[in-house]
Number of protein chains: 2
Amino acid sequence: MPYPAKLTPDLILSEAQTLLDNGGESALNMRPLAAALHVQPSSLYRHFPDRGALLQALEDAASTEFNRVLQTASAGKASRAALWAAAEAYLSYARAYPHRYGLLLSPHAPAPVQPGPAKDLWNTVLGLVSALSQTPDDTARTVALWAFLHGFVVLERSGQFGLSGPRGGFDTGLTALLDEMKRVAANRPE
Amino acid sequence: MPYPAKLTPDLILSEAQTLLDNGGESALNMRPLAAALHVQPSSLYRHFPDRGALLQALEDAASTEFNRVLQTASAGKASRAALWAAAEAYLSYARAYPHRYGLLLSPHAPAPVQPGPAKDLWNTVLGLVSALSQTPDDTARTVALWAFLHGFVVLERSGQFGLSGPRGGFDTGLTALLDEMKRVAANRPE
DNA sequence: GTCTATACTCTGATAGAC
DNA sequence: GTCTATCAGAGTATAGAC
């Protein structure tokens, strides 16, 4: 009484996504994945050359998805509101899908210098920041904002804050960074 | 012709520190550690009950060391200069000892809510921030600054920035956060 | 294209001789 | 207090039957 038992890349990826979401990268192993698909581990290798290929596929999907989330959140808003909304969406996504988010900034993740989904994601934030600061290609402020957002996500997740403080820290820090961008824009046409 | 061959907790910790610094937590394993000490793996268990105890000892040492570094860097400076110096020291330490730093913010690290070395570290930064913002127990701004610093460290390390931008992002972001603290202080006696 | 069976390497940890 | 020997488990990946 074999189950559907027909393996396709998409079916494998779907189950792999579930394992990733539940237990993180370290829980995405070939044996449990095969078990969840009612298949022997060796069968997976007919569809993906190795575990790394599986992770890469999930990583690309997460980059694309995350990028779309940020764009949707900021679409049609004025520059400061757009960036604020994107920042909120950033936080929400990282909370909702911590392990997908973790995949995006894993050590082996390709730097966003090379074309690809990660680069697209970078460009989305770069565009929002540059619009607010009215500074073309404002990498410095993009880096600063991204560092703040990522650091907040990581610290919050690791429980390094107590129970108080985190949310206030987010609003305070974000306000400080966005206000500075706005201030620069005001002084720019000088 | 056995080597010094006498095992002490400090000797073990010293070698463990080397392994950690070279390859991170995942490189700190009992077999390589024993080999480096010219000893059999089982011998280590006479001095440490398990691997976790070893990691905990290294983590406490790193917290204490890091705290001392920040205090030394900021000692005797005016509030803004003190905080800026501490931030620079934070970055330098994380760059110089990435794996010790990584231990401090590992998922299993105790939240700085409980007394201990981690709490002391938190209090150091909290004190510097509160002095500048002239806001007692200013957890929100401490969280914001810490998030920024940690995020910057992580992103820089993972190569997520290109070759340009990082350093400018650090100065820009730090300036924005510290200026806001100073501004709040100015408006406080109101 | 899935199966059985297995090779290989790594991990932490323990029992008991000396 | 270090040793030999071993347990028990994890992991990725491959060969070859069907």
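In what follows, chains are A, B, ... by sequence order, proteins preceding strands, each numbered from 1. Bear in mind that the values here come from a model prediction, so they are computed numbers and not experimental data.
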Trainee: Looking only at the side chain of A:N29 (C-beta and beyond, no hydrogens), which of the listed nucleotides D:dG1, D:dC3, D:dG11 gets closest?
Mentor: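 The answer is D:dG11.
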Trainee: Among residues two or more places apart or on two chains, list those pairs meeting salt bridge (Lys or Arg N to Asp or Glu O under 4.0 Å) that have a residue in residues 143-153 of chain B.
Mentor: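 Every pair satisfying salt bridge (Lys or Arg N to Asp or Glu O under 4.0 Å) with a residue in residues 143-153 of chain B: there are none.
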Trainee: Got a sec, which residues hit salt bridge (charged side-chain N to carboxylate O under 4.0 Å, His left out) with A:D179, two or more places apart in sequence or on another chain?
Mentor: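 Residues passing salt bridge (charged side-chain N to carboxylate O under 4.0 Å, His left out) with A:D179: A:R80.
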Trainee: For residues 35-54 of chain A, which residue pairs pass the salt bridge (Lys or Arg N to Asp or Glu O under 4.0 Å) check, not counting sequence neighbours?
Mentor: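 Qualifying pairs, neighbours excluded: none.
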Trainee: With sequence neighbours left out, which residue pairs that include part of residues 12-41 of chain B fulfil the salt bridge (Lys or Arg N to Asp or Glu O under 4.0 Å) condition?
Mentor: B:D21-B:R100
Trainee: Separation of B:H47 atom NE2 from D:dT2 atom C1', in whole Å?
Mentor: 8 Å
Trainee: Starting at atom CG of B:L37, determine the distance to atom P of D:dT2, rounded to an integer number of angstrom.
Mentor: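 It is 10 Å, rounded to the nearest whole Å.
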Trainee: Can you check nucleotides 13-15 of chain D for protein contacts, nitrogen or oxygen pairs under 3.5 Å, and list what you find?
Mentor:
from: D:dA13; atom 1: OP2; to: A:Y45; atom 2: OH; distance (Å): 3.3
from: D:dA13; atom 1: OP2; to: A:R51; atom 2: N; distance (Å): 3.0

Trainee: Can you check the B:R46 CZ to C:dA15 P distance for me, whole Å?
Mentor: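 B:R46 atom CZ is separated from C:dA15 atom P by 10 Å.
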Trainee: Please determine, for the side chain of B:Q40, which listed nucleotide (D:dT4, C:dT4, D:dT12) has the closest atom?
Mentor: D:dT4
Trainee: Distance check needed: D:dG11 P versus A:L19 CG, whole Å only.
Mentor: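 Rounded to whole Å, this separation is 11 Å.
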Trainee: Using whole Å, what does the distance between atom P of nucleotide C:dG12 and atom CZ of B:F48 come to?
Mentor: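 Taking CZ of B:F48 and P of C:dG12, I get 15 Å after rounding.
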Trainee: Would you mind listing every salt bridge (Lys or Arg N to Asp or Glu O under 4.0 Å) that reaches into residues 86-99 of chain B, with sequence neighbours excluded?
Mentor: B:E88-B:R167, B:R95-B:E156
Trainee: Using ring pair (Phe, Tyr, Trp, His ring centres under 6.0 Å), reason through A:Y90 and A:F170 one step at a time and then give a plain yes or no.
Mentor: CA-CA 12 Å; A:Y90 188 109; A:F170 185 79; 9.0 Å; no
Trainee: Expressed as a whole number of angstroms, how long is the span from B:L28:CG to C:dC10:P?
Mentor: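 Distance, rounded to whole Å: 17 Å.
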Trainee: Is the distance from the ring center of A:H150 to that of A:Y101 below 6.0 Å?
Mentor: yes
Trainee: Would you say a side-chain N or O of B:S43 is under 4.0 Å from OP1 or OP2 of D:dC3?
Mentor: yes
Trainee: C:dC10 P sits how many Å from B:E25 CD, rounded?
Mentor: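 Nearest whole value for this atom pair: 19 Å.
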Trainee: Would you mind reading off the distance between A:L33 atom CG and D:dG11 atom P, rounded to a whole angstrom?
Mentor: 12 Å
Trainee: May I ask you to verify if any side-chain N or O of A:H38 is less than 4.0 angstrom from the OP1 or OP2 atom of C:dT2?
Mentor: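 For A:H38, the contact criterion (side-chain N or O under 4.0 Å from OP1 or OP2 of C:dT2) is not met.
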